[in-house]
Amino acid sequence: MSEPTFATLVSRWYEENARDLPWRGPDVSPWAILVSEVMLQQTPVVRVLPAWEAWLARWPEPAALAADSPAEAIRMWGRLGYPRRAVRLRDCALAIVERHGGQVPDRLDQLLALPGVGTYTARAVAAFAYGQRHPVVDTNVRRVVCRAIAGEPDAGPATRPADLVATEELLPVEPAAAALASAAFMELGAVVCVARSPRCGVCPVESVCAWRASGREAPAGPTRRPQRYAGTDRQVRGLLLGVLREATGPVPHQRLDQVWADDVQRSRALAGLVRDGLVEPVGESSFRLVGDGPPVPVG
DNA sequence: GATTCGTGGTC
DNA sequence: TGACCAAGAAT
């Protein structure tokens with residue numbers, strides 16, 4: 001008998017220790033999995049849980065969401081952050097209806113062509129919803145592979161093609177086992193091989209970890225610029241959208257003016273929300289979430 | 001490739 | 001307490 005592979009070690013650990021997340025259930029639809037993946041883009045699991053349940057209770061399939069307004073999608077999105085994802089997810093539902101008869105496609109190229117679906121999400125759906133063999137590399141997998149295999153403290157900020165190659169080489173040949181291994185890598189990175197204080201004492205691959213062997217050196221070089229928030233356009237956008245989200249229908253600009261004193265920055269933020277398809281002008285002096293009521297007369 | 005894009009929790 | 005972080009995508 002040969003030594004168990006890296007994927008086998010992590011998969012065994014996963015089967016004993018995985019969190020009981022609802023989108024991992026046996027009867028979860030590809031649509032529900034797609035929704036979970038989009039919500040989980042940069043948003044912690046604990047905040048996604050209730051939003052995912054509510055979203056699918058209201059829109060159990062793509063056609064239902066496609067038939068509703070962007071405004072309702074934005075409201076249901078709540079405070080998950082990056083609300084453009086809500087609009088894109090609805091655009092995605094429209095595309096699924098128009099291009100694929102309302103069924104989430106199972107081909108990687110078709111998934112990638114959907115709004116709001118990038119390299120990670122397309123592969124995650126293909127693997128977790130359809131059991132295909134694709135490397136699925138998110139920030140967790142990237143960190144696990146960089147540390148345990150390459151022996152490096154951490155990876156760069158974005159997933160690179162090399163990360164996909166390195167991960168693919170770890171996957172079992174059999175597709176279902178490969179999909180399980182991908183979920184296991186993600187879980188390990190999310191729960192054990194975490195960014196700040198990795199729990200090497202309970203790690204299933206501690207004995208073969210290259211980073212561990214090298215003494216767990218800290219990341220080198222200048223740390224990347226921290227993402228500040230206070231005072232940015234993002235904060236102003238969030239404040240503006242908060243008012244529009246709580247309102248029903250158009251809001252006079254005077255009310256929006258109250259959320260931020262700087263006219264220039266406030267106007268820029270509002271224009272950005274309009275450009276991004278989140279907000280639309282109504283008449284000369286009001287704004288609303290896109291589609292939040294009857295169509296705006298043109299001309 | 002570097003930026004932009006929310007929100008809230010942790011240490 | 002403010003820096004850091006959380007299943008990325010689009011430009």
Side-chain angles (χ1 to χ4, degrees), chain A residues 14 18-19 21-24 32-52 74 77-89 91-92 111-129 134-144 154-164 167 179 182-191 193-198 218-219 222-242 244-245 259 268-269 271-279:
Chain A
Y14 177 78
R19 292 169 293 176
L21 302 177
W23 43 82
R24 289 176 175 165
I33 290 174
L34 173 57
V35 171
S36 79
E37 295 298 345
V38 173
M39 287 185 168
L40 287 163
Q41 293 167 3
Q42 302 288 280
T43 300
V45 167
V46 289
R47 233 180 302 165
V48 167
L49 287 168
W52 182 79
I74 293 166
W77 197 255
R79 305 187 66 79
L80 291 180
Y82 295 144
R84 289 187 299 188
R85 289 183 292 167
V87 176
R88 291 204 185 114
L89 186 51
D91 290 340
C92 178
L111 287 163
L112 266 173
L114 296 171
V117 175
T119 303
Y120 163 75
T121 303
R123 292 167 174 279
V125 171
F128 303 144
H134 298 291
V136 182
V137 181
D138 71 336
T139 184
N140 292 312
V141 176
R142 199 168 69 247
R143 186 171 55 246
V144 167
D154 210 341
T159 298
R160 300 156 301 183
D163 298 320
L164 285 176
T167 303
S182 290
F185 293 162
M186 291 177 64
E187 186 77 352
L188 188 67
V191 176
C193 195
V194 295
R196 241 174 303 191
S197 301
T223 56
R224 63 180 181 274
R225 197 60 155 268
Q227 50 165 191
R228 69 182 189 286
Y229 180 65
T232 63
D233 285 6
R234 293 157 81 172
Q235 182 183 19
V236 183
R237 286 169 59 115
L239 292 169
L240 291 169
L241 203 65
L244 292 161
R245 194 193 290 128
V259 308
R268 187 173 65 230
L273 290 171
V274 172
R275 183 189 61 238
D276 290 346
L278 292 159
V279 174

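Chain naming here is simple, since letters A, B, ... match the order of the sequence lines and numbering starts at 1 in each. Computed over heavy atoms, backbone and side chain alike; hydrogens, waters and symmetry mates excluded. This one's a predicted model, so the numbers in the text were calculated from it and none came from an experiment.
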Just call it for A:Leu241: base, sugar-phosphate, or nothing, with non-hydrogen atoms closer than 4.0 Å on any strand.
nothing
Across the strands shown, which category fits A:Val117 at heavy-atom distances under 4.0 angstrom: base, sugar-phosphate, nothing?
sugar-phosphate
For a quick check of understanding: with a heavy-atom distance under 4.0 Å over all strands, which category does A:Arg275 fall into, base, sugar-phosphate or nothing?
nothing
Side-chain N or O of A:Arg237 less than 4.0 angstrom from OP1 or OP2 on B:dG6?
yes
Using a cut-off of under 3.5 Å, enumerate the N/O to N/O pairs linking the protein to nucleotides 8-11 of chain B.
unit_1: B:dG8; atom_1: OP1; unit_2: A:Arg79; atom_2: NE; d: 2.5
unit_1: B:dG8; atom_1: OP2; unit_2: A:Arg79; atom_2: NH2; d: 3.3
unit_1: B:dG8; atom_1: O4'; unit_2: A:Arg47; atom_2: NH1; d: 3.3

Can you name the side-chain hydrogen bond (donor to acceptor under 3.5 Å, both in side chains) partners of A:Thr139, sequence neighbours left out?
none
For B:dT7, does OP1 or OP2 lie under 4.0 Å from any side-chain N or O of A:Arg84?
no
Partner set under side-chain hydrogen bond (donor to acceptor under 3.5 Å, both in side chains) for A:Gln41, not counting sequence neighbours
A:Thr121
By the 4.0 Å heavy-atom rule, please label A:Thr139 as base, sugar-phosphate, or nothing.
sugar-phosphate
What is the nucleic acid contact for A:Trp23, judged by heavy atoms within less than 4.0 Å: base, sugar-phosphate only, or nothing?
base
What contact category does A:Ser36 fall into here, base, sugar-phosphate, or nothing, at under 4.0 angstrom with non-hydrogen atoms?
nothing
Give A:Ala195 one of three labels, base, sugar-phosphate or nothing, depending on what nucleic acid heavy atoms sit under 4.0 Å from its own.
sugar-phosphate
Residues which pass salt bridge (charged side-chain N to carboxylate O under 4.0 Å, His left out) with A:Arg196, listed by chain and number, not counting sequence neighbours
none
Hey, does A:Thr232 reach any base, or is it just sugar-phosphate, or nothing, if we go heavy atoms under 4.0 Å?
nothing
Report the distance from atom CZ of A:Arg228 to atom P of B:dT3, rounded to the nearest whole Å.
11 Å
Taking side-chain hydrogen bond (donor to acceptor under 3.5 Å, both in side chains) as the definition, give me every residue that meets it alongside A:Glu37, ordered by chain and number, with sequence neighbours left out.
A:Tyr120
May I ask you to say what A:Leu278 touches in the nucleic acid, namely base, sugar-phosphate or nothing, with a heavy-atom cut-off under 4.0 Å?
nothing
Taking 4.0 angstrom as the limit, do A:Asp91 and A:Arg88 come out as a salt bridge?
no
In whole angstrom, give the distance that lies between atom CG of A:Leu111 and atom C1' of C:dA7.
16 Å
Touch class at under 4.0 angstrom, heavy-atom based, for A:Gly118 against every strand present:
sugar-phosphate
Taking atom C1' of C:dA6 as reference, at what distance in whole Å does atom CZ of A:Arg85 sit?
10 Å
Atom CG of A:Asp233 and atom P of B:dT7 are separated, to the nearest Å, by 13 Å
Rounded to the Å, how far apart are A:Leu164 CG and C:dA7 C1'?
15 Å
Using a heavy-atom cut-off of under 4.0 Å over every strand shown, decide if A:Arg268 touches base, sugar-phosphate, or nothing.
nothing
Name the nucleic acid region contacted by A:Arg123, choosing base, sugar-phosphate or nothing; use a 4.0 angstrom heavy-atom cut-off, strictly under.
nothing
Please name all residues satisfying side-chain hydrogen bond (donor to acceptor under 3.5 Å, both in side chains) with A:Arg123, sequence neighbours left out, ordered by chain then number.
none
